[in-house]
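Here's the structure we're looking at; comments come further down.
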Amino acid sequence: MDMIIRPRRLRTDERIRSMVRETRVSADGLIYPMFIMDGENAVEEIDAMPGQNRYTVDRMDEELERLLDAGVKNVMLFGIPDEKDECGSQAYAENGIVQRGLRRAKERFPELYLITDVCMCEYTSHGHCGVLDGHYVDNDKTLDLLAKTALSHVEAGADMVAPSDMMDGRVAAIRELLDENGHVTTPIMSYAVKYASGFYGPFREAAGSAPAFGDRKSYQMDVHNRREGLKEAMLDVEEGADIIMVKPAMSFLDIVREVKDATDLPVAAYSVSGEYAMVKAAAEKGWIDEEKIMCEMAVSAFRAGVDIYLTYYAKELARCIKEGKIG
Ligand code: PBG
């Protein structure tokens, strides 16, 4: 037989496979999303996300310690306030939930890199990501509040802010206010390409942020659109974003690759609550191998081009990386 090219030669055993591996995953690129809530001395399990909890600020430390032990140093905070109103005023309150969490984490865990989700939906009584004009989310009025929220996070200790609202022009508005206040070195990770996805279902239960009426399709993107994703990414590059995020991850890896090719910024992808919940549910039934699936999903995102991967599995992934189960 005259067969010169035999791809299997490079798959003979783990020594050669690891030598020629094209994608290397590092815990440095993992971000763990964490929920903090008003109240005292409480940790609540999130039903639709087994293994994930909401913590009051005085109970954050236990989770932050577990993260550092696992080798994860990047955390993204989401706040769940007791009080909500029309204009989400707890989002930018000096003593809001995220602001208090930041002060505590900064003081006790200076080695952590603290990122905050900047959005209104957990703070508004109607659950939309901005202020309303009738039933329509008013873009330009919302920009001021988002910028104020981002500034208050940075002043409370955030190392980076991540707007997730999908209002037009919010990266520029946040950049301008941060710079005016001397925070020129604080990066913005923009949820630039965020689709109106069914995969956010469990998060909305976790954060109590489901919209009271309608949906988010007048600001989040139509899942059918690819070129519009590039348009959103490039607009945020022009407005001064430092990192571009695509969300969700698994069903949008084609978009990750395109954004990666089109920009020279680091690219992030967020493996969202529904992705996590699906894996957990199938694993609980014994239908899939949770660890294998979790690793494969992460590797696929890195292979598609992400530099940064946000996942509720950050601790478990970091362990798999350490143990050499993932490249
Ligand atoms: C806030 C926000 C959401 C998520 C991240 N930031 C919810 C939404 O847009 O409805 C979803 C994260 C997840 O599902 O894990 N706007």
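What you see is a predicted model, and the numbers here were worked out from it, not measured in a lab. Both ligands and their constituent atoms are indexed starting at 1 by order of listing.
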Side chain, backbone, both or neither: the part of Tyr276 lying under 4.0 Å from ligand 1 by heavy atom: neither
Non-hydrogen side-chain atoms of Met297 and Tyr313 separated by less than 4.5 Å: no
Where ligand 1 meets Tyr270 - atom numbers and elements under 4.0 angstrom, heavy-atom basis: 12 (C), 15 (O)
Polar contact flag, side-chain donor to acceptor under 3.5 angstrom, Asp85-Ser125: no
Part of Cys121 within contact of ligand 1 (heavy atoms, under 4.0 Å): side chain
Region of Glu122 that comes within reach of ligand 1 [heavy atoms, distance under 4.0 Å]: neither
Per-atom contacts of ligand 1 with Tyr312, taking only distances under 4.0 Å to non-hydrogen atoms: 12 (C), 13 (C), 15 (O)
Distance-minimising heavy-atom pair for Ala150 and Ile174: CB-CG2, 3.6 Å
contact_flag Arg216 ligand 1 heavy-atom lt 4.0 Å: yes
Minimum-distance protein heavy atom relative to atom 14 (O) of ligand 1: Ser273 OG, 2.7 Å
Min side-chain heavy-atom separation Cys129-Arg216 under 4.5 Å: yes
Test item, Lys247 contacting ligand 1 (heavy atom, 4.0 angstrom): yes
Under-4.0 Å heavy-atom contact with ligand 1, by part of Asp117 that carries it: side chain
Taking atom 9 (O) of ligand 1 as the reference point, the nearest protein heavy atom with its distance: Lys194 NZ, 2.7 Å
Sub-4.5 Å side-chain heavy-atom contact between Met76 and Tyr32: no
Note: Lys148-Asp144 ion pair, threshold 4.0 Å (strictly below): no
pair Met250-Met278: side-chain heavy atoms closer than 4.5 Å: yes
